[in-house]
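Data first, discussion second: the structure below is written as structure tokens.
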Amino acid sequence: MRPIKCEKKSDKQLVQLTLKNTDYFGYLVRRYEEKLNRYIRRLTHLDAETIEDLLQEVFLKIYKNLNDYDSDFSFSSWAYRIAHNEAISHFRKNEKRPKTVQINNEEGVNFLDILPDDINLRDDYVKKELAQKVRALIDELPEKYRAVLILKFMEEKSYEEISDILKIPAGTVATQLNRAKAHFKQLAIDNHLNKPDNQ
Amino acid sequence: MSEFAKSIIDKIKKAHLKPIPKWVFLLRRSVVWGSFGLSVLFGSMAVSIILFQIKDMDYEVYREMGSSLTGFVLLALPYFWLVLLIGFLALAYYHLRHTKSGYRHNVFAIIGLSLVVSVLLGASLYATGISENLEKVFRRIPNYERLHFGKRMLWNNPEQGFLAGTIIHMGDGRIILLRDLEQGSWRVDIEKAKMRREFEMERGVRVRLTGTATGDYEFKAFNIAPWLRPMNPPPIFRRMELQK
């Protein structure tokens with residue numbers, strides 16, 4: 001294998017190569033391990049060790065199902081879908097909602113745009129502090145709203161990509177996103193994020 | 001390659017893991033598409049029987065009943081088949097939703113498409129007479145007639161002049177004994193009754209009568225017809241015969 005050449009290969013080409021030689025799968029893993037690790041962490045807030053175990057399961061599942069991958073679709077969305085389903089079934093199996101173990105203060109920043117308009121976000125300190133609170137609020141949201149918000153505002157996925165990952169029509173993505181935002185805004189108000197002591 | 005990637009490759013090699021063969025996925029997809037196709041096909045069968053039964057309604061008596069055509073149709077609609085049609089549409093939606101790109105389509109678009117296909121296919125089955133043959137097959141199923149709720153309600157109404165049941169005794173040809181849909185025995189005077197359709201009147205045949213109740217479990221019939229209409233040649237063939 002020539003690493004430089006493989007770096008330039010598309011996901012679809014790497015899938016075809018992997019089906020002939022398992023070693024090529026390593027390049028796909030390297031390409032997606034960080035992204036999927038981050039997504040699972042954001043979705044579940046499990047500890048690092050559990051996330052790594054889960055991620056291993058995700059990649060093994062991707063490998064076993066490579067023949068099911070349809071090149072008309074984006075490999076990234078397909079891999080995210082498998083990761084999403086594994087993460088969800090993991091905490092459904094363990095019958096617990098995701099716990100806030102590690103919160104990255106910066107992660108909530110992307111959500112500040114959807115907070116009620118009367119919150120003053122000019123101060124960077126306020127922004128950081130709020131971001132942390134906002135991130136904690138995300139975990140209060142129902143599963144379907146949390147996923148759609150994370151995919152849109154943290155993973156910065158398009159509507160079409162979110163549709164492919166969550167297997168719902170693009171129109172439903174837009175509806176769920178609007179509902180999630182409304183739900184989130186209400187949570188922010190209920191938790192007094194718009195009060196002066198939060199500014 | 002990262003340590004993590006290496007560990008995945010090692011795990012795959014140690015466990016001799018192989019990607020699941022393509023044919024397994026092809027088979028799964030075929031089953032899903034096949035189930036969708038079957039749901040639409042059964043839906044179209046339901047449509048064809050609905051069309052047949054709507055055509056087969058007792059339109060000649062709705063005025064005698066003092067009912068409006070809409071009221072009559074609403075009472076006599078084949079609700080069993082309508083419910084089955086809805087069930088098959090729901091199944092078609094479920095299966096199409098589980099195809100590879102099924103989730104991309106709106107629920108109303110999928111159900112609308114399935115309905116249009118079912119109606120077109122159902123109309124073709126009706127036009128070619130297949131719906132009548134299907135109905136013939138279903139009539140062999142015990143208690144199938146019980147599913148014609150509206151029709152049963154309509155003809156289980158002796159006070160209004162509508163009575164249906166099975167002939168249990170032919171008598172002298174003037175008086176017959178009839179067991180109605182509720183298992184009550186009636187003495188029916190058929191002396192001046194007209195046969196609405198040609199059919200063999202004999203013991204065991206189910207008939208529907210219009211007339212008047214003359215006493216306790218006594219009925220005077222004006223018209224007699226078989227409970228189920230005799231089968232006709234398919235509409236498309238009838239048209240061809242007319243053109244000759």
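Remember, it's a predicted structure, so these values are computed and weren't measured experimentally. Labels below follow one simple rule: chain letters A, B, ... track the order of the sequence lines, proteins then strands, and each chain is numbered from 1.
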Using a cut-off of under 4.5 Å on heavy-atom pairs, state which of [options] scores highest against chain B.
options: A/Phe73, A/Phe25, A/Phe59; value: A/Phe73
options: A/Leu60, A/Leu66, A/Leu28, A/Thr18; value: A/Leu60
options: A/Gln56, A/Glu52, A/Lys167, A/Glu160; value: A/Lys167
options: A/Leu19, A/Val173, A/Asn65, A/Leu166; value: A/Asn65
options: A/Val29, A/Asp70, A/Asp68; value: A/Asp68
options: A/Ile62, A/Thr172, A/Asp72, A/Leu55; value: A/Leu55

Does any backbone or side-chain atom of [X] lie under 4.5 Å from a heavy atom of chain A? Answer side chain, backbone, both or neither.
X: B/Ser7; result: side chain
X: B/Ile9; result: side chain
X: B/Lys6; result: neither

A/Ile168 portion near chain B, given a 4.5 angstrom heavy-atom threshold: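 Answer is both: backbone and side chain atoms of A/Ile168 are under 4.5 Å from chain B.
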Atom group of A/Tyr69 that falls short of 4.5 Å from chain B, counting heavy atoms: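 Backbone of A/Tyr69 only, per the 4.5 Å heavy-atom cut-off to chain B.
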message: Is it the case that atom CD in A/Gln13 sees more than 12 heavy atoms from other parts of the structure closer than 6.0 Å?
response: yes
Greater than 12 external heavy atoms within 6.0 Å of B/Gln183's CD: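 Check passes, neighbour count above 12.
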message: Below 4.5 Å, heavy-atom pairs only: which of B/Ile20, B/Val107, B/Asn106 has the largest tally toward chain A?
response: B/Ile20
Cationic N near anionic O, under 4.0 Å, [X] to [Y]:
X: A/Asp164; Y: A/Arg81; value: no
X: A/Glu155; Y: A/Lys35; value: no
X: A/Glu57; Y: A/Lys64; value: no

task: Evaluate the ring planes of A/His183 and A/Tyr145, with Trp represented by its six-membered ring, and classify them as parallel (under 30°), tilted (30 to 60°) or perpendicular (over 60°).
output: tilted
field: Ring centers of B/Tyr126, B/Phe52 separated by less than 6.0 Å
entry: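 B/Tyr126 vs B/Phe52: aromatic centres not under 6.0 Å.
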- prompt: What about A/Phe75 and A/Tyr32, are their ring centers closer than 6.0 Å?
  reply: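 Yes - the distance between ring centres of A/Phe75 and A/Tyr32 falls below the 6.0 Å cut-off.
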field: Under 3.5 Å: donor-acceptor pair, side chain of B/Asn157, backbone of B/Phe162
entry: no
message: Donor-acceptor pair, distance only, cut-off 3.5 Å: does the side chain of B/His98 make one with the backbone of B/Tyr94?
response: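 Confirmed, B/His98 side chain pairs with B/Tyr94 backbone.
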- request: From the options B/Phe88, B/Trp81, B/Phe138, select the one residue that forms a side chain to side chain contact (heavy atoms under 4.5 Å, CB included) with B/Met45.
  value: B/Phe138
Neighbours of chain A found in residues 22-42 of chain B - heavy atoms under 4.5 Å: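 Residues in range: B/Lys22, B/Phe25, B/Arg29.
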message: When you compare the side chain of A/Asn67 with that of B/Lys18, does any pair of heavy atoms fall below 4.5 Å?
response: no
